[in-house]
Amino acid sequence: MRLTYTSDLWYKNAVIYCLDVETYKDGNGDGVGDFRGLTQQIDYLHSLGITCLWLMPFFPTPNKDDGYDITDFYSIDPRLGTLGDFVEFMRTAKDRGIRVIADLVVNHTSDQHPWFKESRSSKDSPLRDWYVWSDKPEPDDPSQIVFPDKENSIWQLDKKTGQYYLHSFYRHQPDLNVANPEVRDEIARVLGFWMELGLSGFRVDAVPFLIENVGDKLPDPHAFLADLRAFMSRREGGAVLLGEVNMPYKDLVGYFGDGNGDQLTMCFDFIGMQHAWLAFARSEAGPINQALGDRPKPPKDCQWATFLRNHDELTLDKLTDEERQEVFDAFGPDKDMQIYGRGLRRRLPSMFGGDLRRIKMAYSLLFSMPGTPVIFYGEEIGMGDNLDEEGRMAVRTPMQWSQSGGFSDAPPVRGIPGGSFAPERVNVADQKRDPDSLLRWFQLLIERYRECPELAWGDNTVLDTGHPSVFAHRCDADGATVVAVHNLCDTATEIDLALEGLDGSVLTDLLADETMEVADGTVRLPMSPHGCRWLRAAPRGDMPPEDASIIAH
């Protein structure tokens, strides 16, 4: 595939790395991460192969919801630095060829935001209609309550004015009224402000809540997303909107733009993620086969974002009760490991008990799946969780740079995991020196993924392996083919894989020093326990003579 073509749509085969400035690296010794500390780690991220950073909220905040309760959309939280520090960070990232996107949290504000303070001051306030008010709240639907451990309603009485305000999340986060054109204009100004400072786009928080609360107040609520996308494209043609839309596929595709692809640029594949965890629990490929078979193809120039873990709970809400219990039993049997009755508050390495073979296989699967991989900071070294922290904070612990922690010289903002996942056992410095470490495996996967645009751009086909625990798929684009095979169980096996149209081709394993030939349209593949293979197909005549002479039959 022509690089000049694929680079225009840079996000389709990007490697996105999510981090929280607060917990990544402390640059001034106060125990809180900041932009100065993050800037000093840009070369580490560049060497890892990251092409896009996704920053969790860094705006001024009372910090009741880890920064998602915002009091000023146009500034930096003083604990994290200044606008000057941010600009210097952006300059350094750009110098290394790393794009940056940030969380766009405009479903709500903090109740301490000046907009809301003015809105609640009087029913006659000029900003009254910037939020959603009602004399009589609608009956509560338990399914609408996002945090059932903290809230029992999505309406809160404001005693001063005697009306109720809507809060889809916590009561200290009143919902903005995006049906109001003044609010929509202000949101566009927020996007424009940060794009002028270098951002390449935004990860849009809780997209369904953002537009569905509009109800019948707008003729087409989705037009708001289309307007935002058009605004961004006028400012910067390559800017992206990455949407958090945890919905069934049939409902989700409309968020791309009803076939036109003029709304969200990318959407997270929550269904695929949840089915992958069901597959891991069963050591069977069936759930992944089902998810990929059900997943619709996004509109032209749009893309799926794939992931196994993020900064929130590992939600399993789209599985059946029985399926969810299977995953709970396998990876979070203790109630303290579960959250909201629908998910887990653990990181992948601890769920896999530190089994490096299984961990490496899981991330190989992630990077080979059709779509753009998104990873959460610390995954590349196998960081664990700290269940002593409240709720979702269990997976948002400080980055582990060295055996002593390396995050800060002061007591860190959040507790660090102990035991087998403590910094003296899991850290960047040690893994840099270990050729067999998870960090080196991530570097290899990212390098190979970037060399295989077929994985992100190609037509995907799930293959019949004849074995319930072995998942295989192929991606074809512009006459090139990559085949990925993963063994989800802990026993060795051998499969015969039919590869239509590749008879006589040579398969080169991109993760190991091995080649094999497709004979009579079939190749026999030995698979080690939790083994993985990425196989690039090429005609025998295209191979260098020294390679052609050592083909394994």
Can you tell me if [X] uses its side chain to pair, donor with acceptor, with the backbone of [Y] under 3.5 Å?
X: Gln263; Y: Leu225; value: no
X: Asp103; Y: Val105; value: no
X: Arg533; Y: Pro526; value: yes
X: Thr465; Y: Ala472; value: no
X: Thr265; Y: Val240; value: no
X: Arg282; Y: Ser469; value: no
X: Asn107; Y: Phe209; value: yes
X: Glu313; Y: Ile339; value: no
X: Asp509; Y: Thr515; value: no
X: Arg309; Y: Arg346; value: yes

Got a salt bridge between [X] and [Y], using NZ or NE/NH1/NH2 to carboxylate O under 4.0 Å?
X: Asp430; Y: Arg425; result: no
X: Glu451; Y: Arg536; result: no
X: Asp262; Y: Arg229; result: no
X: Asp20; Y: Arg396; result: no
X: Glu244; Y: Arg203; result: yes
X: Asp43; Y: Arg96; result: yes
X: Arg347; Y: Asp385; result: no
X: Asp301; Y: Lys12; result: no

[X] vs [Y] side-chain heavy atoms within contact, under 4.5 Å:
X: Met337; Y: Phe328; result: no
X: Val485; Y: Ile495; result: yes
X: Asp66; Y: Arg414; result: yes
X: Asn386; Y: Phe421; result: no
X: Pro370; Y: Trp304; result: no
X: Arg450; Y: Thr51; result: yes
X: Cys267; Y: Phe256; result: yes
X: Leu499; Y: Val523; result: yes

How long is the straight-line distance from [atom2] of [Y] back to [atom1] of [X], given to the nearest 0.5 Å?
X: Glu323; Y: His275; atom1: CD; atom2: NE2; answer: 6.0 Å
X: Lys25; Y: Tyr44; atom1: NZ; atom2: OH; answer: 12.5 Å
X: Phe442; Y: Tyr449; atom1: CZ; atom2: OH; answer: 13.5 Å
X: Leu511; Y: Leu445; atom1: CG; atom2: CG; answer: 6.5 Å
X: Arg324; Y: Leu344; atom1: CZ; atom2: CG; answer: 10.5 Å
X: Asp388; Y: Thr397; atom1: CG; atom2: OG1; answer: 11.5 Å

If you compare all heavy atoms of [X] against all heavy atoms of [Y], which two are closest, and at what distance to 0.1 Å?
X: Gly261; Y: Cys302; value: CA-SG, 3.5 Å
X: Pro349; Y: Tyr363; value: CD-OH, 4.4 Å
X: Leu314; Y: Leu308; value: CD1-O, 4.2 Å
X: Pro208; Y: Met247; value: CG-SD, 3.7 Å
X: Asp336; Y: Leu387; value: OD2-CB, 3.7 Å
X: Gly254; Y: His222; value: O-ND1, 3.6 Å

Ring centre gap for [X] and [Y] strictly below 6.0 Å:
X: Phe367; Y: Trp534; answer: no
X: Phe352; Y: Phe280; answer: yes
X: Trp54; Y: Phe268; answer: yes

Hey, is [atom1] on [X] packed in by over 12 heavy atoms from elsewhere, all under 6.0 Å?
X: Asp251; atom1: CG; result: yes
X: Glu500; atom1: CD; result: no
X: Lys432; atom1: NZ; result: no
X: His46; atom1: NE2; result: no

Worksheet item: Under the side-chain hydrogen bond (donor to acceptor under 3.5 Å, both in side chains) criterion, do Gln325 and Asp329 qualify, and how do the steps go?
Response: CA-CA 6 Å; Gln325 191 59 49; Asp329 290 344; 2.8 Å; yes
Worksheet item: Can you tell which of Leu502, Asp459, Asn460 makes a side chain to side chain contact (heavy atoms under 4.5 Å, CB included) with Arg474?
Response: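 Passing option: Leu502.
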Item to complete: Might you work through the side chain to side chain contact (heavy atoms under 4.5 Å, CB included) test for Leu228 and Phe202, ending with a clear yes or no?
Response: CA-CA 11 Å; Leu228 288 181; Phe202 302 87; over 6 Å; no
Worksheet item: Stepwise, does the side chain to side chain contact (heavy atoms under 4.5 Å, CB included) test hold for Phe307 with Cys18?
Response: CA-CA 11 Å; Phe307 68 108; Cys18 172; over 6 Å; no
Worksheet item: Under 3.5 Å, is there a donor-acceptor pair between the Asn427 and Ser402 side chains?
Response: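 There is no such pair (donor and acceptor under 3.5 Å, judged by atom type) between the side chains of Asn427 and Ser402.
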Discussion item. Is it the case that the side chains of Thr522 and Asp520 hold a donor-acceptor pair, with the cut-off being a distance below 3.5 Å and no angle test?
Written reply: no
Worksheet item: Can Asn13 and Gln303 be said to form a side-chain hydrogen bond (donor to acceptor under 3.5 Å, both in side chains), step by step?
Response: CA-CA 9 Å; Asn13 66 330; Gln303 181 66 303; over 6 Å; no
Discussion item. Assess the residue pair Thr306 and Thr372 against the criterion (side chain to side chain contact (heavy atoms under 4.5 Å, CB included)); give the C-alpha distance rounded to whole Å, side-chain angles, the decisive distance to 0.1 Å, and a yes or no.
Written reply: CA-CA 6 Å; Thr306 58; Thr372 298; 5.9 Å; no
Fill in: Verdict with reasoning, Lys360 to Leu438, per side chain to side chain contact (heavy atoms under 4.5 Å, CB included)
CA-CA 7 Å; Lys360 287 183 174 182; Leu438 185 59; 4.0 Å; yes
Worksheet item: Do the ring planes of Tyr17 and Tyr24 sit parallel (below 30°), tilted (30 to 60°) or perpendicular (above 60°)?
Response: perpendicular
Fill in: Mutual orientation of the aromatic rings belonging to Tyr340 and Phe147 [parallel < 30°, tilted 30-60°, perpendicular > 60°]
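Ring orientation of Tyr340 relative to Phe147: tilted.
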